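Below: the structure, in structure tokens.
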Amino acid sequence: MSNSITKKDLYLPFIATAAVIILDQITKILIAAWLPEFTIGASYLNEFLRIVHVRNLGVAFSFGYSWPPVLRRIFFSAIPLIVMGIVVRIYLKSKDFTKLQRWSICTVLGGGLGNIIDRIFRADGVIDFIDVKFYGIFGMERWPTFNVADIAVVVGVIILLISFIITNKKSEEK
């Protein structure tokens with residue numbers, strides 16, 4: 001390992017992976033125990049934010065919902081696990097990622113693993129429970145329901161992309 005990256009810098013961001021998985025699974029367990037499926041448990045800010053209980057057999061925007069179970073398991077569990085394995089391998093071998101990029105990658109991994117855990121261990125699908133009003137944008141009155149894992153993936157990817165853009169810009173200026 002090079003002097004530019006310490007073991008601490010390399011492995012500490014996996015705390016984000018574990019934290020996202022734990023928070024994601026705890027919230028899903030609580031929703032499943034507290035709220036019957038297809039019901040609204042709470043509503044805030046004049047129905048802008050609602051806590052609901054739905055299950056998603058597909059992936060983003062319920063894509064693949066109607067696919068046969070075996071096909072869904074392969075495409076939405078096995079392939080993402082392989083991709084995440086490749087990402088972890090690149091993460092561990094590369095010395096080029098910044099600390100922020102490492103934390104972002106590990107946050108995305110945590111979100112991905114949180115939903116894969118549902119796909120493998122919950123036959124009735126991934127538990128989604130955060131429902132926000134979208135005011136008719138893109139023809140949607142409400143954004144598709146999501147969970148903590150989804151938030152981690154989206155926020156992690158956004159931070160990662162911004163970080164890559166900034167890092168690229170800095171290296172071009174040099």
Side-chain angles (χ1 to χ4, degrees), residues 1-28 44-45 48-51 56 58-65 72 74-120 126-174:
M1 198 177 296
S2 150
N3 291 337
S4 63
I5 184 167
T6 65
K7 285 188 179 195
K8 178 182 169 188
D9 290 337
L10 187 63
Y11 294 111
L12 192 62
F14 284 105
I15 289 173
T17 305
V20 168
I21 292 169
I22 291 166
L23 183 60
D24 179 62
Q25 291 302 307
I26 286 172
T27 56
K28 289 172 179 175
Y44 305 99
L45 305 170
F48 171 75
L49 171 66
R50 299 187 309 195
I51 304 301
N56 185 356
V59 289
F61 304 101
S62 295
F63 175 77
Y65 177 83
R72 278 197 317 262
I74 290 169
F75 277 93
F76 304 146
S77 296
I79 292 174
L81 278 172
I82 292 166
V83 170
M84 281 190 265
I86 292 167
V87 168
V88 168
R89 186 155 195 244
I90 292 167
Y91 171 96
L92 293 172
K93 289 193 175 278
S94 177
K95 297 170 184 104
D96 297 329
F97 296 119
T98 66
K99 285 183 182 184
L100 180 61
Q101 289 166 348
R102 289 187 182 284
W103 281 91
S104 298
I105 291 167
C106 287
T107 300
V108 172
L109 286 172
L113 289 170
N115 281 335
I116 287 175
I117 288 168
D118 279 20
R119 288 191 186 100
I120 292 171
V126 174
I127 296 175
D128 288 328
F129 59 90
I130 303 168
D131 178 57
V132 295
K133 195 167 194 165
F134 209 57
Y135 302 101
I137 301 170
F138 302 123
M140 297 186 298
E141 198 52 39
R142 303 201 71 81
W143 187 257
T145 309
F146 55 97
N147 58 45
V148 171
D150 298 331
I151 294 168
V153 169
V154 170
V155 171
V157 166
I158 289 170
I159 292 171
L160 191 60
L161 289 174
I162 291 169
S163 175
F164 281 142
I165 290 167
I166 291 169
T167 304
N168 237 6
K169 199 170 196 168
K170 284 181 182 177
S171 68
E172 284 176 5
E173 290 172 359
K174 288 181 181 180

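When reading the values below, keep in mind they use all heavy atoms of this one structure, side chains included, and skip hydrogens, waters and symmetry mates. Since the model is a prediction, treat every value here as computed from it, not as a measurement.
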Applying ring-ring contact (aromatic ring centres under 6.0 Å, His included) to Tyr91 and not counting sequence neighbours gives Phe14

With Phe134 via ring-ring contact (aromatic ring centres under 6.0 Å, His included) - residues at least two apart: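 Only Trp143 meet the ring-ring contact (aromatic ring centres under 6.0 Å, His included) criterion with Phe134.
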
Does the side chain of [X] reach to within under 4.5 Å of the side chain of [Y], using non-hydrogen atoms?
X     : Y      : result
Asp9  : Lys95  : no
Lys28 : Val148 : no
Thr6  : Tyr11  : no

Check residues 103-111 and write down every donor-acceptor pair under 3.5 Å in which the side-chain atom is one partner and the other belongs to a residue at least two apart or another chain.
| unit_1 | atom_1 | unit_2 | atom_2 | d |
| --- | --- | --- | --- | --- |
| Ser104 | OG | Leu100 | O | 2.9 |
| Thr107 | OG1 | Trp103 | O | 2.8 |

How many angstroms lie between atom [atom1] of [X] and atom [atom2] of [Y], to the nearest 0.5 angstrom?
X      : Y      : atom1 : atom2 : value
Asp24  : Asp150 : CG    : CG    : 8.0 Å
Thr145 : Ile130 : OG1   : CD1   : 9.5 Å
Thr17  : Ile22  : OG1   : CD1   : 10.5 Å
Phe97  : Ile90  : CZ    : CD1   : 7.0 Å
Leu113 : Arg119 : CG    : CZ    : 11.0 Å
Leu92  : Leu10  : CG    : CG    : 5.5 Å

Under 3.5 Å, which donor-acceptor pairs do the side chains of residues 78-88 form with other protein atoms, sequence neighbours left out?
none

Applying side-chain contact (heavy atoms from CB on, under 4.5 Å) to Thr167 and not counting sequence neighbours gives Thr98, Gln101, Ser163

Original post:
By side-chain contact (heavy atoms from CB on, under 4.5 Å), which residues pair with Lys133, not counting sequence neighbours?
Top reply: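 Only Phe48, Tyr135, Glu141, Arg142 meet the side-chain contact (heavy atoms from CB on, under 4.5 Å) criterion with Lys133.
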
Which atom of Pro13 lies closest to which atom of Arg102, heavy atoms considered: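 Smallest interatomic distance, heavy atoms only, reads CB-O, 3.8 Å.
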
- Does Asp131 reach the main-chain N or O of Arg50 with its side chain, forming a donor-acceptor pair under 3.5 Å?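 Side chain of Asp131 to backbone of Arg50: no pair is present.
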
Asp118 side-chain N/O to Asn115 backbone N/O, donor-acceptor pair under 3.5 Å: no

For Val132 and Phe146: C-alpha separation, side-chain torsions, deciding distance, then whether side-chain contact (heavy atoms from CB on, under 4.5 Å) applies. CA-CA 9 Å; Val132 295; Phe146 55 97; 4.1 Å; yes

